[in-house]
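Below, chain A is the first sequence line, B the second, and so on; all start at residue 1.
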Amino acid sequence: MLMRYQRPKGTADILPGDSQIWQYVEATARKLFATYRFDEIRTPMFENFEVFSRTSGDTSDIVTKEMYDFKDKGDRHLSLRPEGTAGVVRAFVENKLYGPETQKPYKVYYMGPMFRYERPQSGRQRQFHQIGVEAFGSDAPELDVEVIALGMTLLGKLGLKHLRLALNTLGDKKSRDAYRQALIDFLEPHFEELSDDSKVRLHKNPLRVLDSKDKHDQAIVADAPSILDFLTPAATSHFDRVKASLDALGIAYDVDATMVRGLDYYNHTIFEIMADSPALGEGYTTVLAGGRYNGLVEELGGPDMPGVGFGLGVERLVLLMQAEKVAVPNDNALDVYVVGIGDETSLETLKLVQSIRAAGLTADRDYLGRKPKAQFKTANRLSAAYTLTIGSQELADQTANLKSMATGEEISVPLADIYQDFEKVVTTKFTAK
RNA sequence: GCGGUAUUGGUGAAGUGGUUAACACACCGGAUUGUGGUUCCGGCACGCGUGGGUUCGAUUCCCACAUACCGCCCCA
């Protein structure tokens with residue numbers, strides 16, 4: 001036996017059957033995005049390393065330990081994209097889409113693979129897929145809400161139940177800096193009591209201590225100051241309008257003042273849509289997350305232009321849909337299975353399937369030289385609506401036997417009629433139906 | 001990166017330190033000549049994740065590695 005190859009760790013083959021769900025997800029997303037006037041943007045799967053390191057934050061885990069970065073033969077430091085936003089923003093800036101000739105907000109969506117070097121688990125892989133949207137050029141809280149509503153609507157259309165929208169604000173830079181300091185001041189006296197993880201986080205990214213899973217940490221954090229008390233008037237106003245707009249649309253939400261983001265570029269509104277399903281372990285798991293990133297365009301060399309968006313994990317989404325048994329439309333039903341009896345009919349059956357296909361129907365035939373009985377079994381298993389049988393006798397008569405698999409009714413039809421208008425034969429020749 | 005569990009055919013799985021690796025599903029074939037969901041009969045792992053080791057002998061014991069899954073970290 002030769003060497004057997006395995007796919008690389010953390011990757012998956014999406015096989016026929018599963019790919020139907022993926023196509024359904026993607027098609028549903030494209031259709032919905034179009035109604036919101038978001039257009040597709042396609043950016044490279046790898047970028048200069050700095051595109052991600054600058055935007056995600058030099059100390060973020062994504063950059064420090066999860067990035068697939070490498071030097072190419074020209075000694076360029078590149079990285080496989082760990083998320084979608086940075087590349088889109090780079091493209092936005094590089095193509096000067098911030099210019100006056102494009103309508104603002106400039107709304108785009110993307111879908112495709114992302115890469116992170118981490119321990120695979122269910123719904124978490126090294127090559128995974130995201131669908132995301134970004135809207136540039138407006139500070140309006142209503143735009144934040146449009147993006148949130150889009151996310152909620154998409155998940156709803158895809159059949160997900162038990163969704164929870166968690167909402168928070170990181171405020172502007174001033175709010176955030178003030179809060180960060182207050183949080184450090186609060187946690188410092190408890191330093192020795194904190195978990196080892198949180199000790200590290202305290203100075204690297206103190207906000208992360210807030211969502212520590214450690215019970216003792218949670219007890220300490222329970223009395224910590226809230227970001228909401230450190231917002232500047234402008235940040236408060238923005239957040240209030242976001243909430244008011246959500247209320248106006250009847251979208252329920254929970255404000256979670258301890259929710260933070262792993263990527264450093266977020267500010268103001270941040271949100272997560274979580275689903276409660278055993279498919280992804282106990283409790284609520286985030287499927288879709290996003291927020292505002294007003295400094296990001298400038299960070300990558302563009303003008304001071306705000307942005308807001310979200311990304312959703314397709315693997316997680318698909319797991320949830322499967323757990324909820326969401327019905328995916330099956331659009332590859334078989335209309336006609338052509339049964340050929342004897343080698344001499346092979347040429348005619350080939351012409352028949354081609355003719356039926358050309359008429360816009362789906363058709364298939366046997367290529368394994370199997371007996372009629374086996375061919376009918378296959379037709380039945382494939383749920384063919386009709387079988388068209390041709391043997392040496394029919395070949396001589398220039399006819400074929402058309403059978404409705406549902407009723408069992410079988411009629412003889414001239415081949416000429418089939419080649420001329422198969423659809424008409426089906427609709428007019430049977431007595432029933 | 002850390003800790004844990006697992007790894008037998010296309011699938012679900014049973015099983016033993018030693019002649020032919022149980023059973024079920026799926027698939028393929030047959031039940032007198034060319035017609036489909038039932039029934040009956042038959043076929044289907046030269047191999048038990050990979051590589052070493054222990055042993056007279058290992059799929060069964062030991063070690064390493066790989067992969068999957070779970071928890072941590074982190075995140076979609």
Side-chain angles (χ1 to χ4, degrees), chain A residues 1 3-12 15 56 59-67 82-85 111 113-132 151 155 195-198 200-201 204-205 208 211-214 217 259-263 271-275 280-282 285-290 309-320 337-342 345 366 368-395 401-410:
Chain A
M1 177 79 77
M3 173 78 172
R4 297 288 289 261
Y5 294 100
Q6 290 180 303
R7 59 183 174 264
K9 182 177 181 136
T11 62
L15 306 175
S56 298
T59 62
S60 71
D61 281 334
I62 286 184
V63 170
T64 56
K65 56 183 219 192
E66 293 178 0
M67 198 114 91
E83 53 99 25
T85 300
M111 44 184 71
M114 308 290 162
F115 306 84
R116 287 183 202 171
Y117 189 87
E118 58 183 350
R119 273 299 269 274
Q121 276 177 41
S122 178
R124 168 206 294 238
Q125 291 168 318
R126 290 183 171 184
Q127 175 176 331
F128 62 107
H129 298 76
Q130 286 192 338
I131 295 175
L155 296 182
S195 66
D196 290 344
D197 284 331
S198 289
V200 176
R201 283 189 287 234
K204 213 174 82 176
N205 191 348
R208 289 227 71 91
D211 64 354
S212 169
K213 297 243 176 27
D214 186 275
D217 285 355
M259 184 169 73
V260 297
R261 261 296 85 95
L263 301 165
F271 63 94
E272 297 187 1
I273 302 177
M274 303 189 276
L280 293 172
E282 292 303 306
T285 311
T286 301
V287 221
L288 185 154
F310 70 67
L312 92 85
V314 181
E315 278 79 2
R316 290 184 178 185
L317 173 64
V318 167
L319 279 174
L320 289 166
Y337 192 88
V338 179
V339 176
I341 302 166
T345 63
D366 172 72
L368 298 174
R370 296 193 301 171
K371 297 193 167 181
K373 183 179 177 126
Q375 294 189 45
F376 274 92
K377 276 180 100 164
T378 298
N380 193 50
R381 193 172 320 117
L382 297 178
S383 301
Y386 299 96
T387 51
L388 191 59
T389 309
I390 182 163
S392 53
Q393 187 59 53
E394 289 78 7
L395 197 55
N401 298 325
L402 182 63
K403 178 176 182 178
S404 163
M405 293 299 273
T407 65
E409 181 181 1
E410 186 166 19

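Listed nucleotides A76(B), G34(B), A68(B) differ in distance to K9(A); the shortest reach to its side chain belongs to A68(B).
Nucleotides C44(B) and A24(B) place their P atoms 14 Å apart, quoted to the nearest Å. Spacing of C1' atoms, G30(B) relative to A64(B), comes out at 50 Å, to the nearest Å. Atom C1' of C46(B) sits at a distance of 24 Å from the matching atom of G12(B), rounded to the whole Å. The same atom, P, is picked in U59(B) and in U20(B); the two are 13 Å apart, to the nearest Å. Comparing U50(B) with U8(B), their C1' atoms sit 15 Å apart, to the nearest whole Å. With P as the reference atom, U7(B) and U16(B) are 14 Å apart, rounded to whole Å. Across A68(B) and G36(B), the matching P atoms stand 45 Å from one another, rounded to whole Å. For the C1' atom pair drawn from U60(B) and U55(B), the interatomic distance equals 13 Å after rounding to whole Å.
Residue-level contact check: L312(A) touches neither bases nor backbone, having no heavy atom under 4.0 Å from any strand. As judged by a 4.0 angstrom heavy-atom cut-off over every strand, E83(A) is placed among residues making no nucleic acid contact. Residue-level contact check: Q393(A) touches the bases, meaning some heavy atom is under 4.0 Å from a base atom. Within the 4.0 angstrom heavy-atom criterion, no nucleotide atom of any strand lies near G151(A). Within the nucleic acid shown, A379(A) has no heavy atom closer than 4.0 Å to any nucleic acid atom.
Among residues two or more places apart in sequence or in another chain, the salt bridge (Lys or Arg N to Asp or Glu O under 4.0 Å) test is passed with R370(A) by D366(A). Applying the side-chain hydrogen bond (donor to acceptor under 3.5 Å, both in side chains) criterion to E272(A), with sequence neighbours excluded, gives R261(A), T286(A). In terms of the side chain to side chain contact (heavy atoms under 4.5 Å, CB included) criterion, residue partners of P372(A) (sequence neighbours excluded) are, by chain and number, I341(A). The side chain to side chain contact (heavy atoms under 4.5 Å, CB included) check on E410(A) picks up T389(A), N401(A), K403(A), with sequence neighbours excluded. Taking the side chain to side chain contact (heavy atoms under 4.5 Å, CB included) definition, one finds that S404(A) meets it with Y386(A), A406(A), T407(A), F430(A), sequence neighbours left out. Taking E118(A) as the reference, E66(A), R116(A), R124(A) meet the side chain to side chain contact (heavy atoms under 4.5 Å, CB included) condition, with sequence neighbours excluded. R126(A) is linked by a salt bridge (Lys or Arg N to Asp or Glu O under 4.0 Å) to nothing, counting only residues two or more places apart in sequence or in another chain.
If you find the closest nucleotide of RNA chain B to T378(A) and to Y117(A), the one lying nearer the 5' end belongs to Y117(A). Each of E272(A) and N401(A) has a nearest nucleotide on RNA chain B; the 5'-most of these lies closest to N401(A).
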Each nucleotide of nucleotides 36-42 of chain B classed B (base within 4.0 Å of a protein heavy atom), S (only sugar-phosphate) or -, in 5' to 3' order, makes BS-----
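Inter-residue side-chain proximity for P113(A) and H129(A) is flagged as met; some heavy-atom pair is nearer than 4.5 Å.
When rounded to the nearest whole Å, the span between CZ of R126(A) and P of A76(B) equals 18 Å.
Base pairing in RNA chain B yields stems of at least 3 consecutive Watson-Crick or G-U pairs, both distances under 3.5 Å, namely B:1-7 with B:66-72, B:10-12 with B:23-25, B:27-31 with B:39-43, B:49-53 with B:61-65.
The base of C74(B) lies close enough to the side chain of R124(A) for a donor and an acceptor atom to sit less than 3.5 Å apart. Between the side chain of Q375(A) and the base of U35(B), no donor-acceptor pair under 3.5 Å is found.
Annotation for A384(A) and Y337(A): closest pair CB-CB, 4.0 Å, computed over non-hydrogen atoms. Residues F271(A) and F310(A) come closest through the heavy atom pair CZ-CB, 3.7 Å.
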Identify the pairs formed between an N or O of the protein and an N or O of nucleotides 48-50 of chain B at a distance under 3.5 Å, and give each distance.
none

With 3.5 Å as the limit, what N/O pairs link the protein to nucleotides 3-8 of chain B?
| from | atom 1 | to | atom 2 | distance (Å) |
| --- | --- | --- | --- | --- |
| G3(B) | O6 | R119(A) | NH2 | 2.9 |

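The side chain of T285(A) places no N or O atom within less than 4.0 Å of a non-bridging phosphate oxygen (OP1 or OP2) of A76(B). Between Q121(A) and G71(B) there is a side-chain N or O to OP1 or OP2 distance below 4.0 Å.
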